[in-house]
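What you see is a predicted model; the values in this text were computed from it and never measured.
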Amino acid sequence: MSHWRELPAELHPDVRHLIVRLRRLKDRSELSKRRLAAKTGYSAKSWQRYLNGRSLPPREAVESMARVGGDNPHRLLVLHEIAAQRWSEGRAVTTPAAPATEDGPASPEHAPTEHQPQGRHLRVAVTAAAVVTALSVTAALLLAVRLTEARAQLADERAGVAATAVATVSESMVPVIYTCELEQRDGRWYAGLSRTTDILLSNTQMGLEVAEAQCLLQRAGSEPGDIDGVFGPKTRRAVERMQKRGGLIVNGVIDPPTWQALREGAPQ
């Protein structure tokens with residue numbers, strides 16, 4: 001089990017519950033933050049913020065983590081929706097206004113006793129109106145800041161994804177093309193690039209596992225295009241064709257049932 005930093009004490013329990021679940025899925029996957037970034041499309045720095053409670057992960061990141069950790073994405077997305085609401089409420093909380101101080105007691109010659117209750121009520125009403133106005137302005141400012149932060153975070157995550165994509169091309173900027181060395185062992189097919197049977201693969205992912213799947217798709221008669229280790233639109237369409245032909249759930253994702261069909265299926 002990884003050693004995790006203690007979460008901030010001010011986190012709402014619902015937000016804390018979501019982050020703890022994400023940490024468990026990350027531990028279960030046994031992936032480093034760099035490998036996790038490659039498989040989910042979100043940078044390692046972004047995952048460090050999410051898993052340390054400094055930033056709420058977007059819905060797409062939670063769904064990707066569910067796929068990587070083998071959890072039910074619908075159940076995890078429900079937790080994310082609740083946590084997002086609590087996160088928004090927590091960010092909108094402002095420091096309570098200090099109670100209005102009464103002026104020192106007026107001297108008898110300036111403020112007769114019979115007029116004091118009416119003046120106090122007027123001051124309370126004016127103070128309440130000022131507090132309501134201040135809260136409305138603060139909420140609007142917080143919303144504007146939140147939108148600015150979201151745009152900056154999205155730009156950071158896109159930059160992180162672009163940085164990890166460099167590893168998929170050679171120094172001469174020529175895409176890597178893998179060779180399929182198909183062989184059958186114990187009734188299962190392998191292409192010599194990976195022996196995995198359960199890693200989840202979907203759009204934007206890359207690496208030897210993707211190239212292995214592309215080789216097996218080609219062997220099964222569902223052409224994925226170049227064997228380049230990049231899960232792009234052609235590979236996704238090839239997966240969908242193969243899933244439809246094999247009677248599997250057609251989702252365009254290479255999950256354990258799809259791996260089994262690719263490993264054990266007869267060529268078409």
Side-chain angles (χ1 to χ4, degrees), residues 1 21-42 59-78 164 167-168 175-268:
M1 181 68 68
R21 287 290 297 275
L22 292 175
R23 285 180 170 186
R24 288 176 181 170
L25 290 176
K26 197 266 184 188
D27 288 336
R28 184 191 303 173
S29 71
E30 299 181 351
L31 295 175
S32 64
K33 287 190 177 70
R34 183 179 180 86
R35 290 292 304 276
L36 183 62
K39 288 181 176 295
T40 62
Y42 290 85
R59 178 185 175 90
E60 293 77 9
V62 172
E63 189 172 5
S64 297
M65 178 65 87
R67 290 198 305 267
V68 170
D71 199 2
N72 184 337
H74 301 292
R75 182 170 52 191
L76 203 59
L77 288 175
V78 170
T164 59
T168 65
V176 176
I177 301 298
Y178 295 92
T179 301
C180 302
E181 298 180 0
L182 292 168
E183 62 175 344
Q184 191 175 25
R185 292 184 182 179
D186 300 326
R188 293 190 172 191
W189 286 94
Y190 298 93
L193 299 170
S194 172
R195 302 185 67 82
T196 183
T197 59
D198 55 5
I199 290 180
L200 293 175
L201 300 176
S202 59
N203 278 341
T204 74
Q205 292 183 249
M206 57 199 69
L208 292 175
E209 292 85 359
V210 177
E212 175 81 6
Q214 289 173 330
C215 290
L216 297 178
L217 285 167
Q218 190 178 68
R219 188 199 69 83
S222 188
E223 182 59 49
D226 291 335
I227 311 300
D228 55 6
V230 179
F231 201 120
K234 289 185 178 180
T235 301
R236 180 182 178 88
R237 287 193 293 269
V239 172
E240 291 173 346
R241 288 194 301 270
M242 179 268 179
Q243 289 173 331
K244 183 176 181 180
R245 191 168 57 216
L248 302 173
I249 295 176
V250 180
N251 55 14
V253 175
I254 300 181
D255 48 20
T258 306
W259 274 116
Q260 183 177 358
L262 288 171
R263 295 288 190 199
E264 300 178 356
Q268 301 294 321

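Residues Leu25 and Val68 fail the side-chain proximity criterion, which asks for heavy atoms closer than 4.5 Å. Contact annotation: the side chain of Val210 never approaches that of Ile254 to less than 4.5 Å [non-hydrogen atoms, C-beta and beyond]. You'll find the side chain of Thr235 stays beyond 4.5 Å of the side chain of Val230, heavy atoms only.
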Please list every donor-acceptor pair under 3.5 Å in which a side-chain atom of residues 220-227 meets a protein atom from a residue at least two apart or in another chain.
unit_1, atom_1, unit_2, atom_2, d
Ser222, OG, Ala238, O, 2.6
Glu223, OE2, Gln218, NE2, 3.4
Glu223, OE2, Gly225, N, 3.3

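Expressed to the nearest 0.5 Å, how far CD of Gln214 lies from CG of Asp228 amounts to 5.0 Å. If you take CG on Leu77 and CZ on Arg59, they are separated by 4.5 Å, rounding to the nearest 0.5 Å. For the atom pair Glu212 CD and Thr196 OG1, the distance stands at 9.0 Å (nearest 0.5 Å).
Taking a 6.0 Å sphere around CD of Gln184, one finds it holds more than 12 heavy atoms contributed by other residues, nucleotides or ligands. The number of heavy atoms from other shown groups lying within 6.0 Å of CZ (Arg28) is above 12. Crowding of Ile249 atom CD1: a count of heavy atoms from other residues, nucleotides or ligands under 6.0 Å not exceeding 12.
For Arg75, the side-chain hydrogen bond (donor to acceptor under 3.5 Å, both in side chains) partners two or more places apart in sequence, or in a different chain, are Asp71. Applying the side-chain hydrogen bond (donor to acceptor under 3.5 Å, both in side chains) rule to Thr258 yields the partners Gln243, Asp255; only residues at least two apart in sequence or on another chain are considered. Applying the side chain to side chain contact (heavy atoms under 4.5 Å, CB included) test to Arg35 and every residue at least two apart in sequence or in another chain returns Leu31, Ser32, Lys39, Glu209. Every residue two or more places apart in sequence or in another chain that forms a side chain to side chain contact (heavy atoms under 4.5 Å, CB included) with Asn203 is listed here: Phe231, Arg236.
Pairing each heavy atom of Ala213 with each of Leu201, the nearest pair is CB-CD1, 4.2 Å. Smallest separation of non-hydrogen atoms from Arg185 and Tyr190: O-CE1, 4.1 Å. Here the shortest heavy-atom pairing between Leu262 and Trp189 reads O-CB, 4.4 Å.
With hydrogens and angles disregarded, no donor-acceptor distance shorter than 3.5 Å links the side chain of Glu183 to the backbone of Gly192.
Each of Met65, Glu60, Lys33 was compared with Tyr42 under the side chain to side chain contact (heavy atoms under 4.5 Å, CB included) criterion, and only Glu60 meets it.
Among residues at least two apart or in separate chains, salt bridge (charged side-chain N to carboxylate O under 4.0 Å, His left out) pairs with a member in residues 188-198 are Arg188-Glu264.
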Check your understanding: Could you go step by step and tell me if Arg263 and Gln260 meet the side chain to side chain contact (heavy atoms under 4.5 Å, CB included) rule?
Key -> CA-CA 5 Å; Arg263 295 288 190 199; Gln260 183 177 358; 5.9 Å; no

